[in-house]
Amino acid sequence: QVRLVESGGGLVQPGGSLRLSCAISGLTLGNLAIGWFRQAPGKEREGVSCLTTSNRNTVYADSVKGRFTISRDNTENTVYLQMHNLKPEDTAVYYCAVRNTGYYCSAYTPSPDEYEGWGQGTQVTVSS
């Protein structure tokens with residue numbers, strides 16, 4: 001059974017950093033597309049980033065390019081989202097999920113409809 005568990009969220013001041021973790025069980029990271037998503041109150045869930053594990057190709061939403069970095073640790077079967085220069089508009093519950101329509105990230109920001117294995121998410125709050 002595939003299970004993804006997010007962690008690492010918290011309260012941080014604007015300009016601060018956080019690293020989110022997505023621990024994956026039931027799958028190995030050899031040939032997957034893993035996406036990070038976020039959902040702010042009253043808004044739809046949106047794609048933030050995607051990692052194709054077979055070739056390390058990455059995709060980022062325009063709003064996070066240059067600030068967020070997605071990476072993996074095969075030994076830990078974990079995918080990370082390093083976030084720098086956080087802004088209040090980054091405040092949301094962050095989720096990771098596995099793409100169920102292919103093993104590669106699309107060229108576009110990941111769409112939640114193409115992913116599965118949603119965990120409980122981790123809250124990120126950026127506020128002074």
Could you report the tightest heavy-atom contact between [X] and [Y], atom names first, then the distance?
X    : Y    : result
S49  : P110 : O-CG, 3.5 Å
S17  : N85  : OG-N, 4.3 Å
A107 : V59  : O-CG1, 4.2 Å
L20  : G9   : CD2-N, 3.6 Å
C50  : A33  : SG-CB, 4.1 Å
L27  : V98  : CD1-CG2, 3.9 Å

Problem set entry | side chain to side chain contact (heavy atoms under 4.5 Å, CB included), paired with M83, selected from V126, V12, L18 | L18
Problem set entry | Partner of R72 by side chain to side chain contact (heavy atoms under 4.5 Å, CB included), out of L32, N77, I24, L51 | L51
Got a second to check how far [X]'s [atom1] is from [Y]'s [atom2], nearest 0.5 Å?
X   : Y   : atom1 : atom2 : value
N31 : S54 : CG    : OG    : 5.0 Å
S63 : E46 : OG    : CD    : 5.5 Å
Q82 : T69 : CD    : OG1   : 7.0 Å
L4  : S21 : CG    : OG    : 12.0 Å
I70 : C22 : CD1   : SG    : 8.5 Å

Exercise. Is V79 reachable from V5 through a run of hydrophobic residues whose side-chain heavy atoms are each under 4.5 Å from the next?
Worked result: no
Exercise. If Ile, Leu, Val, Met, Phe, Trp and Tyr residues are connected whenever their side-chain heavy atoms lie under 4.5 Å apart, and connections chain through other members, are Y103 and I34 in the same group?
Worked result: no
Can you find a heavy atom in the side chain of [X] that is under 4.5 Å from one in the side chain of [Y]?
X    : Y   : result
Q120 : E6  : yes
S127 : L11 : yes
T122 : V93 : no
S106 : R99 : yes
R56  : T58 : no

Exercise. Pairs in or reaching into residues 26-82: which pass ring-ring contact (aromatic ring centres under 6.0 Å, His included), with residues at least two apart or in two chains?
Worked result: F37-Y115, F37-W118
For this session: Could you note down all residue pairs passing side chain to side chain donor-acceptor pair (under 3.5 Å) where residues 87-98 supplies at least one of them, sequence neighbours left out?
Result: R38-D90, R38-Y94, R67-D90
Problem set entry | Partner set under side-chain hydrogen bond (donor to acceptor under 3.5 Å, both in side chains) for E76, not counting sequence neighbours | none
